[in-house]
Amino acid sequence: MSDDHGSIFDGLLGGDSSQWAFGTDFEDPLAGVDTTTPDGVDPAELAAYCLMLGDDALIMSQRLSEWCSRAPDLEEDIALANVALDLLGQARLLLARAAAADPGVVPALPAGSPVPPEDALAFFREDRDFRNVRLAEVANGDFGHVVVRLLLFSVARLALLERLRTSRDHVLAAVAAKGVKEVAYHRDWAGRWFLTLARGTEESRRRLLAALDALFPLWAELVTAHPVERSLASAGVGVDPAFLREEVDAVLDQVLAASGVERPARPPLAGAGERTGRDGAHTEALSLLLAEMQVVARAHPSGRW
Amino acid sequence: MSADRREWPLYEVFVRGKRGLNHVHVGSLHAPDDAMALRHARDVYTRRNEGVSIWVVRADAIAASSPDEKDPLFAPSGDKVYRHPTFYDIPDDVPHM
Amino acid sequence: MTAIPAEPDQEERLQAAFDATIARRDRIEPRDWMPDAYRSTLVRQIAQHAHSEIIGMQPEGDWISRAPSLRRKAILLAKVQDEAGHGLYLYAACETLGVSRAELTDLLLAGRQKYSSIFNYPTLSYADVGTIGWLVDGAAICNQVPLCRTSYGPYGRAMIRICKEESFHQRQGYELLMTMMRGTDEQRAMVQESVDRFWWPVLMMFGPPDAQSPNSERSMAWGIKRNSNDELRQKFVDMTVPQAKALGVTLPDPDLRWNAERGAHDFGEPDWAEFAAVIRGEGPCNAQRVAHRRAAHEEGAWVREAATAFARRSAGEGGR
Ligand SMILES: [Fe+2]
Ligand SMILES: [Fe+2]
């Protein structure tokens, strides 16, 4: 290893931290951060809000990571893993933030369990307690499906995070500041692939349109305000996605226009009564996803990992 | 270059890790075009480290000199970075390590 | 075979120059003249190595979806992603020898090129993720650190980058096992069971005993390999024994003991018949691993074609 070529890479690899998504000091994701709930904010609402944003990221990340070792080429395998890692990092901070705001949301574990609160939230909640949009949870399809899902998701999330940078909550503001750069890249990746598949071959266009048709009805949930979002937006802590609608529509229409694709004339997917993913009313896919994701953790509620 | 026309072309990647340094060759990758090659280079070779400058160039666009063409170490032919003998054959029965 | 029309005396001069470069432990670079056998040995070894990285994503990748903490999920995903990068660097090193990644992938899928036998064993518990990091990546490091000084320049440079990442891999694996050993009794049992299952297959990763390794000697002479299989295996055992002790696990070999005279550990012989069977394709997961890789490659074909078509179109007709 005393090779003269070694020096070439030093500047690139730098410290250890970029290697591992959260750096190597993992123990407390919120170490040194002010986690007091801002004045005039209901901690339970803040926790619910953090779960919405955190669960979106967690479930998206879970679906994206299923692509690992299955992508069309090695370069895309690496790209998809990068996106999944970014979202996983966001999820961890947001779930930790939810637990810090309102410990009441954290499932009870056996006395003395070393499982940290963000993991208790990820691995020991029931599906009906998850607050992610249903767009994030439906099963993977082909590569066109992952491109469409990530485009729809990141167009809305980027607009949201851009506003959230000025949140009165320090943790949300910090998560947003970091997340904007990440999600801008995700949107760019997805947009570029959307265009490529739309204008590539007949088959790629057909597959892309099929994925868009299937996923578009799930998109509305991301850009429709939930009462919790509205309430936190008025407190200067959250963002009301309804205010983003125009901007998000414009970005999406730009991608669609460049790709020569019409916006599907499909109505939003109905919820159960008035309830949607944000309220814990999910598709069948979530329960299956969680069964797999949680199986090891739940088998060892006092385990140390 | 490649026998398989479905394969994306090979690109060489050059990265400047810090301001004040030269771009240095760090490796190769495949991409359908320049824009995608830059994207891949960010993902593969820099993990999207900010402030890093990347160049990508198609391997078949690079002309290469030999320090001394008379040096017998260098094969007489070829002005490309690599030789790509398309008929290069790999033995059928490959013994294990 | 390499399209170099060399006169007999020129051929001799080229060979002499090549030999001199090897003798002074300098590097051979892609445009240099090299004997056909050197080239084909390199292609075989680098390709096998690249395939191992890519197939090696599967046994651990299988646990990403079930990783029991968010931190472990991130570590594992980043690790498996690294392996994709390793494969990519190595395929690129192979391409400097005139063989494309597509050709190598075809050879792998056709069963005409191999990958490390270890990846034909299943991963059956989360402890396996730790064991693979500790022992499999550990064995890979033993194999690979000397290859940073291998005689072929692009291979050596790929190995430098890879080795830096492999040391993270070993550390995260060992750290996972250490953490589990501090956990519940069930977790400790999981760790021991996993080490029991992987120990012998890991020793096989260094290849057959030197006496039965026909290509080794020439590879050593060419500086493609720097140490023999048995040397590396011994080094690995000596390195691992104190680590196992610190961890609190037993290595499943009754013959394993310190030999003060040799200044090294004596250890038992792996089951070479099992090794041969796995290499022949009869291991527990051979078919599954190749089928997984084939599915990804085939299901990605329409995407790769679409991107090529798009690039051609945006470059305009008559563009390159
Ligand atoms: Fe590796
Ligand atoms: Fe590794």
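Computed from a predicted model, the values in this text were never measured in an experiment. Note on naming: letters A, B, ... go to the chains in the order of the sequence lines (proteins, then strands), and numbering restarts at 1 for each one.
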Search all heavy atoms of [X] against all heavy atoms of [Y] and return the closest pair with its distance.
X	Y	result
C/Thr184	A/Ser302	CG2-O, 3.5 Å
C/Ala307	A/Trp193	CB-CH2, 3.8 Å
C/Ala84	A/Ile78	CB-CG1, 3.8 Å
A/Gly200	C/Ala309	O-CB, 3.7 Å
C/His292	A/Ser69	NE2-OG, 2.8 Å
C/Arg71	A/Trp305	NH1-O, 3.8 Å

For [X], is it the side chain, the backbone, both or neither that has a heavy atom under 4.5 Å from a heavy atom of chain C?
X	result
A/Glu76	neither
A/Leu289	neither
A/Phe123	side chain
A/Arg192	side chain
A/Arg63	neither
A/Ala122	side chain
A/Glu292	both
A/Leu80	neither
A/Ala71	backbone

Item to complete: Measure C/Ala311 against the heavy atoms of chain A and call it side chain, backbone, both or neither at under 4.5 Å.
Response: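 Neither part; nothing is under 4.5 Å.
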Roughly how far apart are [X] [atom1] and [Y] [atom2], rounded to 0.5 Å?
X	Y	atom1	atom2	result
C/Ser65	A/Gln294	OG	CD	12.0 Å
C/Ser69	A/His300	OG	NE2	13.0 Å
A/Leu74	C/Glu83	CG	CD	12.0 Å

Fill in: Member of C/His297, C/Arg304, C/Arg101 meeting the side-chain hydrogen bond (donor to acceptor under 3.5 Å, both in side chains) criterion with A/Asp73
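For A/Asp73, the side-chain hydrogen bond (donor to acceptor under 3.5 Å, both in side chains) test succeeds with only one of C/His297, C/Arg304, C/Arg101, which is C/Arg101.
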Worksheet item: Under 3.5 Å, is there a donor-acceptor pair between the C/Glu305 and A/Thr201 side chains?
Response: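 Checked: C/Glu305/A/Thr201 side chains show no N/O donor-acceptor pair below 3.5 Å.
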Look at [options] and state which one has the largest set of heavy-atom pairs under 4.5 Å with chain A.
options	result
C/Arg66, C/Met57, C/Gln81	C/Gln81
C/Ala295, C/Gly61, C/Gly300, C/Gly87	C/Gly300
C/Thr105, C/Leu77, C/Ile55, C/Ile64	C/Leu77

Discussion item. Taking A/Arg304's backbone N and O only, do any of them form a donor-acceptor pair with C/Arg182's side chain (distance below 3.5 Å, no angle check)?
Written reply: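 Not at all, since once roles are kept as given, no pair shorter than 3.5 Å links the two residues.
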Worksheet item: Can you find a pair of side-chain heavy atoms, one from C/Trp302 and one from A/Leu197, that are under 4.5 Å apart?
Response: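 In short, these two side chains touch, coming nearer than 4.5 Å.
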Practice prompt. Determine, stepwise, if the pair A/Arg70 / C/Glu299 fulfils side chain to side chain contact (heavy atoms under 4.5 Å, CB included).
Written response: CA-CA 9 Å; A/Arg70 292 179 174 87; C/Glu299 282 160 26; over 6 Å; no
Discussion item. Taking every non-hydrogen pair under 4.5 Å, which of A/Gly144, A/Pro114, A/Ala84, A/Pro72 racks up the most with chain C?
Written reply: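 Between A/Gly144, A/Pro114, A/Ala84, A/Pro72, the count favours A/Pro72.
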Worksheet entry | Selection from A/Ala297, A/Ala198, A/Ala299 maximising heavy-atom pairs under 4.5 Å formed with chain C |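 Top count of heavy-atom pairs under 4.5 Å with chain C: A/Ala297.
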Worksheet item: Any chance CD of A/Glu126 has more than 12 other-residue heavy atoms, nucleotides or ligands included, within less than 6.0 Å?
Response: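 Counting other residues, nucleotides and ligands, CD of A/Glu126 exceeds 12 neighbours.
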